[in-house]
Participant: 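Have a look at this one.
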Number of protein chains: 4
Amino acid sequence: MKTTPPPTRARRKADRPGELLEAALDTFVAKGFSAARMEDIAARAGVSKGTIYLYYPSKEAIFEALVRRDIIPRVEAAEAMLAASGAAPELQLRHLLEFMGKATADPRVAAVPKLVLAEAGNFPEMARFYRREVVGRGLALIEGILRRGMESGAFRPLDTRATARLFVAPIILSALWQTSFAPIEDAPEPPGPMLALHLDLFLGALRAEGASR
Amino acid sequence: MKTTPPPTRARRKADRPGELLEAALDTFVAKGFSAARMEDIAARAGVSKGTIYLYYPSKEAIFEALVRRDIIPRVEAAEAMLAASGAAPELQLRHLLEFMGKATADPRVAAVPKLVLAEAGNFPEMARFYRREVVGRGLALIEGILRRGMESGAFRPLDTRATARLFVAPIILSALWQTSFAPIEDAPEPPGPMLALHLDLFLGALRAEGASR
Amino acid sequence: MKTTPPPTRARRKADRPGELLEAALDTFVAKGFSAARMEDIAARAGVSKGTIYLYYPSKEAIFEALVRRDIIPRVEAAEAMLAASGAAPELQLRHLLEFMGKATADPRVAAVPKLVLAEAGNFPEMARFYRREVVGRGLALIEGILRRGMESGAFRPLDTRATARLFVAPIILSALWQTSFAPIEDAPEPPGPMLALHLDLFLGALRAEGASR
Amino acid sequence: MKTTPPPTRARRKADRPGELLEAALDTFVAKGFSAARMEDIAARAGVSKGTIYLYYPSKEAIFEALVRRDIIPRVEAAEAMLAASGAAPELQLRHLLEFMGKATADPRVAAVPKLVLAEAGNFPEMARFYRREVVGRGLALIEGILRRGMESGAFRPLDTRATARLFVAPIILSALWQTSFAPIEDAPEPPGPMLALHLDLFLGALRAEGASR
DNA sequence: CATGAATGAGTTTTCATTCAT
DNA sequence: TATGAATGAAAACTCATTCAT
């Protein structure tokens, strides 16, 4: 049954960064960024405070590494998925929403935007990084789909920037809700139905008048 | 020109709580909740640190008082406005969005949801209070309009809870964006166009098939 | 008997900076600059750590204040003394050495150059400040006397810069010795005789050949 | 060109202690004792942190070994040089100053007194060791020369202890200056001219009245 | 009522030293 | 021998809160 090799020194070293990131994410989720103490993170990872600094030079660096490991690859996956797909724009939006919905269903992913929004004021560098690498690329992706849809006549001609933001709004809000209110809620609502409804209404509203379904 | 009476001691005293709230809000907007120092708030209010504690027992209490003074009355105003109005549900939604859009255009109002979000983990009591008194009542209001619209046949029959959330999502997101990303943005986008577009798309999607405008 | 008024709040506040400087100097003398903990200084002054920061923003600032309070006025006093004096250059050197000898007899003054020399590498700003405000002005003073003596024919013509440094070397060394070795010495030597001898030898060597005593 | 044999494991091993001392000295010169990190020393020596502890039990031990290797032999060399020399005392002082001047021209030697000074408070054992083995022996050497000169009638009869200290003062000061102020100086002054002048003035002052040059 | 000096717990970060490999 | 990952004791500095005046 014991499939994991004994944690030799070398093995642990290789795993440390990942373990620390896990611990940090859990701690950030539980307490928020500022309130998460390096000591908490260390304790959760089962190491001492000093050890963290062997791998990451600061708390902000941990957060950035977290975004790089957990969020950006998802953005890239979405980019790749859509680049490879010859699907119709409408279908692409469906896929994208499904993809984002699944991703944000993981509380550890959903927590990230909250952390950024909450701490943007205190850590502008962090905000800038996220704005550029995640928000920027995500919005560009959606605007691309919208533009193609409009050019092909499938979608009504609209302001792509505003429309792209409208597309993501419920997804983001659902993520924020999940990490902020759900924990204090008596009967937290699953985000699925809302997102499904969003897709229906949004696509319906987007479709060009004469276009067939 | 000088219409405000000279701030005599007596006058000032009467307004102290309000002045402190003003100062606190400005400070929270500028720095966020945790990073706002009591001394900053005191300085902005033109009093000493100790004075704050004569009126509010803690930083959290200030925040709660702020929500009570600045946000809840707006919710109540919206409730009253809609209760008194015999307008059609669609028009009511228009009014409501216009009302919320205007409110959140003020950075001092828009900052509040961000503050709640940011500190929900650290101050669950604060989050619970906001969830109940602002979010809960706000959503109830919208669900009421939706329900009436559906009952009258003006709107398609839909899950009112989910639909209400979809209605507010872009408004909330716009408020958060404004306080988190706009300050670091080169050319921050005004929220107006997005909200106008939202209304169009959303109402279009909501309208029952055969219903006339 | 009780001549000092009761230490009212106001009185203490006025005295705090000075008290802190006293405590800091004692601590620096005992442990050196880097090894002196803010907490040590606070404890010696009978206040808490935080209180120090109400008066000085950093450890370096304390040191600078110390130099400004205890050293620079002495430099200025020496400058004034010599500017006012119409004495012959030789006598002026005598006075100056006597003045510096007396000053460095106080271990709390003698400690300062040691602190600067010792920590110059770690705190270059501190070194620069001392170099400019104390060493620079001091050397300029001596060079001035030497120059006048040479111009009047009382002193042999020599490189004033080098000569000025030779004049201070034993004084400085005596100060350093006092704070570094004297504490570990069995029978520390008083600096007086060496300085007296220095004056004799130095002035003798300086005097122009034909000049009368 | 490559005259040093390739650093085979065996060869390197034999030299480890010496290599470590080199690295430590360079690091102490660059950063001072406290600020020198064991890791810096290790890196400069091309070994790992742990290795240092195989040869020296602590940072202080390294410093002591350094003094033993680099300073004490110089003291001994001076002792031997003068013991073997039948030169006149005046010439011996010339030789000694030249010797010390050359030694302290090397920043790696000049740094040592500063290090001792800086850390005398924190490491009294170190100070005691240096006081005894370097300062004590050095002063004894000079006093010996002076005594012989006075006995032979070449020098005026003076307090040998004080005179010996006066002899070294400019040399020590020049060493300290070099490591403390020269790095922050715009145009650092070379110590040569001052030391040459010192010799002239000092010997001139020392010479007995009637003694021929 | 108002002040603001004082407090001291709390947080990040550094680094000499240890020890399993 | 040699390594370098891990430790944990410091230490500077911050700030909500208290309380003597």
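Every chain is numbered from 1 and lettered A, B, ... according to where its sequence line falls, protein lines coming before strand lines.
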Participant: For nucleotides 8-10 of chain F, give me every protein contact, N/O to N/O, under 3.5 Å, one pair per line with atom names.
Facilitator:
unit_1: F/dA10; atom_1: N6; unit_2: A/Lys49; atom_2: NZ; d: 3.2

Participant: By the side chain to side chain donor-acceptor pair (under 3.5 Å) test, which pairs, at least two apart or in different chains, include something from residues 56-66 of chain C?
Facilitator: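 For residues 56-66 of chain C: C/Glu64-C/Arg68.
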
Participant: Parallel, tilted or perpendicular: which one describes the rings of D/Phe28 and D/Phe33, with boundaries at 30° and 60°?
Facilitator: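 Plane angle between 30° and 60°, so tilted.
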
Participant: Taking the side chain as C-beta and beyond, is there a heavy-atom pair between C/Thr179 and C/Val29 under 4.5 Å?
Facilitator: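 Result no, sub-4.5 Å side-chain heavy-atom pair not found.
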
Participant: Please lay out, stage by stage, how A/Arg131 and B/Ile184 fare under the test side chain to side chain contact (heavy atoms under 4.5 Å, CB included).
Facilitator: CA-CA 9 Å; A/Arg131 171 67 180 84; B/Ile184 62 164; 4.3 Å; yes

Participant: Expressed in angstrom and rounded to an integer, what is the separation of D/Asp15 atom CG from F/dT1 atom P?
Facilitator: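 Atom CG in D/Asp15 sits about 14 Å away from atom P in F/dT1.
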
Participant: Rounded to the nearest Å, what distance is computed from the CD1 atom of residue D/Ile52 to the P atom of nucleotide F/dT1?
Facilitator: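 Whole-Å distance recorded here is 16 Å.
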
Participant: Side chains of B/Ile62 and B/Leu20, heavy atoms from C-beta outward: is any pair under 4.5 Å?
Facilitator: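 Side chain of B/Ile62 against side chain of B/Leu20, heavy atoms only: no contact under 4.5 Å found.
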
Participant: So, OP1 or OP2 of F/dT1: does either fall under 4.0 Å of a side-chain N or O from D/Arg16?
Facilitator: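 No, outside the criterion.
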
Participant: Between P on E/dC15 and NZ on D/Lys59, what's the gap in Å once rounded to a whole number?
Facilitator: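 Rounded to the whole Å, the gap is 9 Å.
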
Participant: By nearest heavy atom, map C/Ala35 and B/Ser58 onto DNA chain F; which one lands nearer the 5' end?
Facilitator: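 Per heavy-atom nearest nucleotide, the more 5' residue is C/Ala35.
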
Participant: Would you kindly compare A/Ser34 and D/Pro57 by the position of their nearest DNA chain E nucleotide and give the one closer to the 5′ end?
Facilitator: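 Its nucleotide being nearer the 5' end, the pick is A/Ser34.
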
Participant: C/Phe63 has an atom CZ; how far is it from atom C1' of F/dA12, in whole Å?
Facilitator: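 So the CZ-C1' distance, C/Phe63 to F/dA12, works out to 18 Å.
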
Participant: If you compare every side-chain N and O of A/Tyr55 against the phosphate oxygens of F/dA5 (OP1, OP2), does one of them come in below 4.0 Å?
Facilitator: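 No, because none of the side-chain N or O atoms of A/Tyr55 sits under 4.0 Å from OP1 or OP2 of F/dA5.
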
Participant: Looking at every non-hydrogen atom in both residues, tell me the closest pair between D/Leu66 and D/Leu21 and how far apart they are.
Facilitator: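 Residues D/Leu66 and D/Leu21, closest heavy atoms: CD1-O, 3.5 Å.
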
Participant: Wobble G-U and Watson-Crick pairs count when both distances are under 3.5 Å; given that, what is the 5' to 3' dot-bracket string of DNA chain E, with | for pairing to other strands?
Facilitator: .||||||||||||||||||||

Participant: Scan the side chains in residues 112-130 of chain C for donor-acceptor partners under 3.5 Å anywhere in the protein, sequence neighbours excluded, and list what turns up.
Facilitator:
unit_1: C/Glu119; atom_1: OE1; unit_2: C/Ser34; atom_2: OG; d: 2.6
unit_1: C/Glu119; atom_1: OE2; unit_2: C/Ser34; atom_2: N; d: 3.3
unit_1: C/Glu119; atom_1: OE2; unit_2: C/Ser34; atom_2: OG; d: 2.9

Participant: Would you mind reading off the distance between C/Phe33 atom CZ and F/dA11 atom C1', rounded to a whole angstrom?
Facilitator: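 Value for this atom pair: 13 Å.
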
Participant: Please state how far atom OH in C/Tyr53 lies from atom P in E/dG10, giving the value in whole angstrom units.
Facilitator: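 The distance from OH of C/Tyr53 to P of E/dG10 comes to 18 Å, rounded to the nearest Å.
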
Participant: Using residues 39-47 of chain A as the side-chain source, report each donor-acceptor pair under 3.5 Å to any protein atom, sequence neighbours left out, with the distance given to one decimal.
Facilitator:
unit_1: A/Asp40; atom_1: OD1; unit_2: A/Arg37; atom_2: NH1; d: 2.6
unit_1: A/Asp40; atom_1: OD2; unit_2: A/Lys31; atom_2: NZ; d: 3.2
unit_1: A/Asp40; atom_1: OD2; unit_2: A/Arg37; atom_2: N; d: 3.1
unit_1: A/Asp40; atom_1: OD2; unit_2: A/Arg37; atom_2: NH1; d: 3.4
unit_1: A/Arg44; atom_1: NE; unit_2: A/Thr27; atom_2: OG1; d: 3.2

Participant: Measuring only the P atom in each nucleotide, how far is F/dT21 from E/dC1? A whole number of Å is fine.
Facilitator: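 Per the computed distance, 22 Å lies between those P atoms.
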
Participant: So what does B/Ala36 touch, heavy atoms closer than 4.0 Å: a base, only the sugar-phosphate, or nothing?
Facilitator: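 Answer is sugar-phosphate: B/Ala36 comes under 4.0 Å of backbone atoms only.
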
Participant: Distance check needed: E/dT18 P versus D/Tyr56 OH, whole Å only.
Facilitator: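 Taking OH of D/Tyr56 and P of E/dT18, I get 17 Å after rounding.
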
Participant: Taking only residues two or more places apart in sequence, or in another chain, which ones meet D/Val109 in a side chain to side chain contact (heavy atoms under 4.5 Å, CB included)?
Facilitator: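 Result, side chain to side chain contact (heavy atoms under 4.5 Å, CB included) vs D/Val109: D/Ile71, D/Arg74, D/Ala103, D/Asp106.
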
Participant: Within this structure, what is the CE-to-C1' distance between B/Met38 and E/dG4, rounded to whole angstrom?
Facilitator: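 Going from B/Met38 (CE) to E/dG4 (C1'), I get 14 Å.
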
